[in-house]
Structures are given as structure tokens and as C-alpha cells.
Amino acid sequence: MKTCLICSKDIANASSLEFILSFKRFNESAACRECLSQFTLLEGKKICTTCSKITASIECSDCKRWNDGLINQSVFQYNEMMRAFFKSYKFQGDYALRLVFRERFVNFIKNSIKENEQIVPIPIDEDTMKARGFNQVTGLIEGLDFLNVLSNQRTENSKHQFQRNREERLSHVNTFKAIGNHAVGGQNVLLVDDIYTTGTTIRQAADVLKKQGARTVRSITLCR
């Protein structure tokens, strides 16, 4: 019997038809139903049509302030269970946890990607890569083809995004740089990231890509 990658308990066969239908696209061998049931799928929820935030209105207050037309799709709500997941996966470096969401996230992207769109994952900085050993975003989309056209030039002494409050995130200097000359010129780009919080990261990456000649830029994130 396999053990849950999240809670380490034995994984029992799911007996609830509702559960099986709700989580049929998960890797059922990676996590138990008790853990999976604590994640909130956005499918079927009332969400902002621009960024996927759960809201009663068609467009949330964040997107009204941005007012730039950038579209983001997300699969899950960033709730307390997701916060705990990313603490283990992203900050404690448990790479095996990518298997919990990889299959579902990859399928979501495959079903959402438009013809002639090129996937560009959000990069991590060099120091983080040395310390952690992997990019959490590319781990979640393992098996998909993507363009490696961005670098993250965050310095060792500057804060990570998760260490910043909302005001600091919104005013943060853009640390993304293009790799190569006009590698996305004339291309339609699908940015992929793990978490959409304020939207600053996606927009800063999109700004760099547009300056490199990208025709269109939109994004998909695992959670919002």
C-alpha cells in the first residue's frame, strides 16, 4: 500500500463516487482523499473572469485597479491547505510533492492552451536554485515543452516575493530579464506560475516578454 506524500498515511481506496468524480484527474497514488479534499477547486465557483479570484462580481477589485486586460486562469484557491503544501514543496524542498498536482495541472494547461501559444514558466533566481535544487514551476509542468527565455536576477540580499507585503510586491523592481534576443518575437505566450497573489510577478514577466516582441501574453497558475 502506498503512502500519502502530504500526511504520510496509507492511501486507502476512495469509496465515494462524488470524491472520485471531483478528483479523478489527480494522481491518486500520490495523496490520500482526506488531504485532497482540503484543496478547493475553482471549477464551478463564482470567480473573477480576469484573474480567477473567488468573488461575487464578474471582475474583482484587484483587476479593476490593474485595468490592463491581462487574463489569468487558475485551478485551485490558495487556501490554508495549499499554503501548507507549498511550505513543504517550495520552501522545504520536497520535490516529490510535485506529483500531487502535476497530472491535473498539465492536463489543465493542455486543455486551455491555444493554437500556436508557447509556454514560458516563471524562473527562479540563481541563489534559490542552488539552495533548493529545482524550480517549483517546471516541476509542476514536467513533461510539457516550454521556452526558457526568462531569467530572474533577484540579488541575494533582496527579499523573495513571499516575504513581501502587498505594498512591497506592487512596488517591487522588475528582476526578470530576457534570455537571448527576441526569442519570443511575434509569438503568443502562455506564462505559467505556481501562485497568483497580487499579479505583480506575472505582469513584470509579461512586460519583459512584450518588450521582446511577444504578440500576446496571458497566464495560468496552479492557484489564486
Side-chain angles (χ1 to χ4, degrees), residues 1-14 19 22-43 45 52-54 72-109 119 121-144 146 152 154 156 158-166 168-169 172 175 191-202 205 219-224:
M1 183 175 289
K2 295 184 178 181
T3 58
C4 174
L5 293 176
I6 298 173
C7 69
S8 299
K9 294 180 180 178
D10 290 338
I11 298 177
N13 292 327
F19 175 85
S22 297
F23 293 92
K24 61 185 177 181
R25 281 173 279 179
F26 273 94
N27 183 344
E28 295 179 355
S29 65
C32 68
R33 58 179 176 172
E34 288 78 13
C35 286
L36 293 178
S37 66
Q38 296 179 64
F39 296 105
T40 302
L41 284 164
L42 292 175
E43 184 178 0
K45 303 288 186 184
S52 296
K53 180 179 182 179
I54 291 180
N72 176 74
Q73 293 176 270
S74 299
V75 187
F76 292 93
Q77 181 187 35
Y78 187 68
N79 60 10
E80 287 303 314
M81 187 63 176
M82 192 64 79
R83 186 190 303 273
F85 169 84
F86 274 106
K87 180 180 179 181
S88 296
Y89 173 54
K90 188 173 178 177
F91 305 123
Q92 296 176 357
D94 190 346
Y95 190 55
L97 283 172
R98 77 195 188 283
L99 300 176
V100 175
F101 295 118
R102 184 186 63 185
E103 183 177 350
R104 177 135 201 164
F105 197 37
V106 166
N107 286 337
F108 184 87
I109 293 171
I119 295 172
I122 294 294
I124 59 175
D125 62 271
E126 186 176 344
D127 290 329
T128 301
M129 179 61 82
K130 287 179 180 178
R132 187 191 300 157
F134 64 91
N135 179 339
Q136 76 281 355
V137 179
T138 56
L140 290 169
I141 62 171
E142 193 174 41
L144 290 179
F146 58 83
N152 189 334
R154 187 191 72 86
E156 184 176 0
S158 64
K159 294 180 180 179
H160 289 274
Q161 280 291 71
F162 76 91
Q163 296 172 317
R164 303 174 190 276
N165 59 34
R166 180 180 178 81
E168 289 175 327
R169 285 172 182 260
H172 178 48
T175 60
L191 276 170
V192 177
D193 202 4
D194 52 354
I195 306 168
Y196 182 116
T197 306
T198 63
T200 301
T201 297
I202 291 294
S219 63
I220 288 180
T221 61
L222 180 67
C223 48
R224 171 66 169 101

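Atoms considered below: every heavy atom in the structure, side chains included; atoms not considered: hydrogens, waters and symmetry mates.
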Report the C-alpha separation of I6 and M81 in whole Å, then their side-chain angles, then the decisive distance to 0.1 Å, and conclude whether the side chain to side chain contact (heavy atoms under 4.5 Å, CB included) test is met. CA-CA 10 Å; I6 298 173; M81 187 63 176; 3.8 Å; yes
Heavy-atom closest contact (N135 atom, P123 atom, distance):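 That closest heavy-atom pairing would be ND2-CA, 3.7 Å.
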For L99 versus A30, what's the shortest heavy-atom pair and its separation? O-CB, 3.8 Å
Intermediate values then yes/no, side chain to side chain contact (heavy atoms under 4.5 Å, CB included), L42 and V75: CA-CA 6 Å; L42 292 175; V75 187; over 6 Å; no
Would you say the side chains of T40 and N79 form a donor-acceptor pair under 3.5 Å? yes
Give the intermediate values and the outcome of side chain to side chain contact (heavy atoms under 4.5 Å, CB included) for residues S52 and Q77. CA-CA 9 Å; S52 296; Q77 181 187 35; over 6 Å; no
Interatomic spacing from [atom1] in [X] to [atom2] in [Y] - rounded to 0.5 Å:
X	Y	atom1	atom2	answer
Q38	C32	CD	SG	8.0 Å
L222	I141	CG	CD1	11.5 Å
C4	K9	SG	NZ	9.0 Å
L140	E103	CG	CD	13.0 Å
I220	F105	CD1	CZ	6.5 Å
T138	F146	OG1	CZ	5.5 Å

Kindly write out the residues that satisfy side chain to side chain contact (heavy atoms under 4.5 Å, CB included) with S88, not counting sequence neighbours, or none if the list is empty.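 Only Q92, L97 meet the side chain to side chain contact (heavy atoms under 4.5 Å, CB included) criterion with S88.
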Return the set of residues passing side chain to side chain contact (heavy atoms under 4.5 Å, CB included) with E142 (not counting sequence neighbours), or none when no residue passes. Y95, R98, R102
Measure the shortest side-chain to side-chain distance between [X] and [Y] over non-hydrogen atoms and say whether it is less than 4.5 angstrom.
X	Y	value
Q136	F91	no
L144	I119	yes
K2	D10	no

Using the test side chain to side chain donor-acceptor pair (under 3.5 Å), find all partners of S74 that sit at least two apart in sequence or belong to another chain.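 S74 satisfies side chain to side chain donor-acceptor pair (under 3.5 Å) with N72, T221 only.
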Donor-acceptor pair, D193 side chain versus C223 backbone, under 3.5 Å? no
Determine whether a donor-acceptor pair (N or O, by modelled atom type, separation under 3.5 Å) exists between the side chain of T128 and the backbone of I124.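 Flag not set: sc T128 to bb I124 has no pair under 3.5 Å.
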Quick one: do Y78 and Y196 satisfy ring pair (Phe, Tyr, Trp, His ring centres under 6.0 Å)? Show the steps, please. CA-CA 9 Å; Y78 187 68; Y196 182 116; over 10 Å; no
side-chain hydrogen bond (donor to acceptor under 3.5 Å, both in side chains), that's the test. Do T175 and N152 meet it? Break it down for me. CA-CA 6 Å; T175 60; N152 189 334; 2.9 Å; yes
Salt bridge (Lys or Arg N to Asp or Glu O under 4.0 Å) between E43 and R104: does it pass, once the steps are laid out? CA-CA 13 Å; E43 184 178 0; R104 177 135 201 164; 3.6 Å; yes
Salt-bridged, R132 to E126, with N to O below 4.0 Å? no
Below 4.0 angstrom, N of the basic side chain to O of the carboxylate: do K90 and D194 qualify? yes
Aromatic contact between Y89 and F134, with the criterion being ring centroids under 6.0 Å apart: yes or no?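 That pair passes the under 6.0 Å test.
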Quick one: which of F86, F101, F85, F108 gives a ring-ring contact (aromatic ring centres under 6.0 Å, His included) with F76?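 With F76 as partner, ring-ring contact (aromatic ring centres under 6.0 Å, His included) holds for just one option, F101.
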